[in-house]
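Below is one structure; the comments refer to it alone.
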Amino acid sequence: MALSTSVSADASTSSVIVLNINGEKHSLTVDHRTTLLDALRERLDLTGTKKGCDQGQCGSCTVLLDGRRAVSCLQLAVAAEGREIRTVEGLAEGGQLHPVQQAFLDLDGLQCGYCTPGQICSAVAVIEEHAAGWPSAATQDVRPQDVPPPLTGDEIRERMSGNLCRCGAYTTIVQAVARAAGVPEGAPATAGAGTKEAAA
């Protein structure tokens, strides 16, 4: 007797969800296994978010979820419902580039550009995390008394370490993050910026 491979009628494999992306709500039907990355790129034509490793290791697909960075290739679309999603397309306001975008442009913080959207989204979150006083593995004083610790080159590299650049534009990426964060030119933030491989 052959085994039945039919699926019971009540076993749902898809849902209608509403995603709040860059201030706009999008309703779509997705398979429960659909990643946020695929929903953004394949269903909503928001192709700024790039597919790199598809394993959460390269950072090319980084977006902001409720203001915190996340690799969208490991985030299910259904789990992102009700959260505020911000992609690289939603960073500029009123025709004005976000300061991080402008800094990357001004300082050539890119080469081929494939990883750049993820780098930029991460940098936006890095600056906010640092301003809020969140420490990193490179932070010397994890409980500063008054202000966050200096945003040094080591701090930037550590905080950006989840985003890989195969072209090796790390030196200018660090400089761009420092400029966008308001670190004065020539300050310790950019000193020794190119001394570590795969540092950003």
Side-chain angles (χ1 to χ4, degrees), residues 12 14-54 56-107 109-110 112-134 136 148 151 156 159-165 173 176-183 200:
S12 175
S14 63
S15 295
V16 177
I17 61 173
V18 177
L19 297 179
N20 182 8
I21 306 169
N22 301 327
E24 296 183 9
K25 293 188 176 180
H26 302 267
S27 178
L28 63 161
T29 302
V30 296
D31 184 289
H32 292 157
R33 299 164 294 180
T34 303
T35 64
L36 178 58
L37 172 60
D38 286 338
L40 291 171
R41 290 184 58 82
E42 308 299 332
R43 302 294 305 280
L44 299 172
D45 293 324
L46 292 170
T47 55
T49 306
K50 298 296 189 272
K51 180 174 283 199
C53 67
D54 225 10
Q57 296 182 14
C58 73
S60 294
C61 67
T62 302
V63 298
L64 301 176
L65 288 180
D66 296 331
R68 299 184 65 175
R69 50 192 161 155
V71 284
S72 58
C73 71
L74 298 184
Q75 175 78 37
L76 292 175
V78 292
E81 187 172 27
R83 303 182 69 180
E84 183 181 337
I85 304 163
R86 199 170 179 195
T87 69
V88 70
E89 291 94 342
L91 293 178
E93 293 184 8
Q96 187 83 17
L97 290 177
H98 188 281
V100 172
Q101 292 174 306
Q102 190 64 57
F104 268 71
L105 184 63
D106 293 343
L107 295 172
L110 62 138
C112 79
Y114 193 83
C115 72
T116 306
Q119 298 272 5
I120 288 173
C121 285
S122 273
V124 169
V126 159
I127 293 168
E128 293 175 358
E129 290 164 8
H130 176 262
W134 294 11
S136 78
L151 191 58
I156 294 172
R159 292 169 186 267
M160 292 289 293
S161 63
N163 291 79
L164 303 181
C165 173
I173 289 170
V177 175
R179 177 179 287 187
V183 176

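Everything numeric here is computed off the predicted structure, so don't read it as measured data.
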* In chain order, what residues pass the side chain to side chain contact (heavy atoms under 4.5 Å, CB included) check against Thr116, with sequence neighbours excluded? ->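 Side chain to side chain contact (heavy atoms under 4.5 Å, CB included) check on Thr116 returns Phe104, Leu110, Ile120.
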* Asked: Thr87: what forms a side chain to side chain contact (heavy atoms under 4.5 Å, CB included) with it, not counting sequence neighbours?
  ->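 Checked Thr87 against side chain to side chain contact (heavy atoms under 4.5 Å, CB included); matches are Ile21, Asn22, Leu40, Thr49, Val63, Ile85, Glu89.
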* Keeping the roles fixed (side chain from Asp66, backbone from Glu84), state whether a donor-acceptor pair exists under 3.5 Å. =>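 A pair under 3.5 Å: yes.
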* **Under 3.5 Å donor-acceptor, Asn163 side chain and Gly59 backbone** =>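 The answer is yes, because a donor-acceptor pair under 3.5 Å joins these two groups.
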* To do: May I have all residue pairs that pass salt bridge (Lys or Arg N to Asp or Glu O under 4.0 Å) and include part of residues 119-133, sequence neighbours excluded?
  =>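 Qualifying pairs: Arg69-Glu129.
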About how many Å separate [atom2] of [Y] and [atom1] of [X], when rounded to the nearest 0.5 Å?
X	Y	atom1	atom2	answer
Arg83	Leu19	CZ	CG	11.5 Å
Leu36	Ser72	CG	OG	5.0 Å
Arg41	Cys73	CZ	SG	12.0 Å
Glu24	Leu46	CD	CG	9.0 Å
Leu74	Cys53	CG	SG	7.5 Å
Leu151	His130	CG	NE2	4.5 Å

* **Check against side-chain contact (heavy atoms from CB on, under 4.5 Å), His32 and Ser15** => CA-CA 7 Å; His32 292 157; Ser15 295; 2.6 Å; yes
Heavy-atom pair with the smallest gap, counting every atom of [X] and [Y]:
X	Y	value
Leu64	Ala125	CD2-CB, 3.8 Å
Arg33	Leu76	O-CD2, 3.7 Å
Ala39	Thr34	N-CG2, 4.0 Å
Ser27	Val16	OG-CG1, 3.7 Å
Glu81	Val18	OE2-N, 2.9 Å
Leu107	Arg179	CD2-NH2, 3.5 Å

* **Candidates Cys165, Cys61, Cys58, Ser122 - the one meeting side-chain contact (heavy atoms from CB on, under 4.5 Å) with Cys115** =>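 Between Cys115 and the candidates, side-chain contact (heavy atoms from CB on, under 4.5 Å) is satisfied uniquely by Cys165.
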* **Single hit among Leu91, Thr62, Val88, Thr47 for side-chain contact (heavy atoms from CB on, under 4.5 Å) with Pro117** =>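 It is Val88; the other options fail the test.
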* Yes or no on side-chain contact (heavy atoms from CB on, under 4.5 Å) for Val183 and Ile156, after CA distance, side-chain angles and deciding distance? -> CA-CA 11 Å; Val183 176; Ile156 294 172; 5.7 Å; no
* **side-chain contact (heavy atoms from CB on, under 4.5 Å) assessment of Asp54 paired with Thr35** => CA-CA 10 Å; Asp54 225 10; Thr35 64; 5.5 Å; no
* Is there a side-chain contact (heavy atoms from CB on, under 4.5 Å) between Val30 and Asp38 once you walk through the steps? -> CA-CA 10 Å; Val30 296; Asp38 286 338; over 6 Å; no
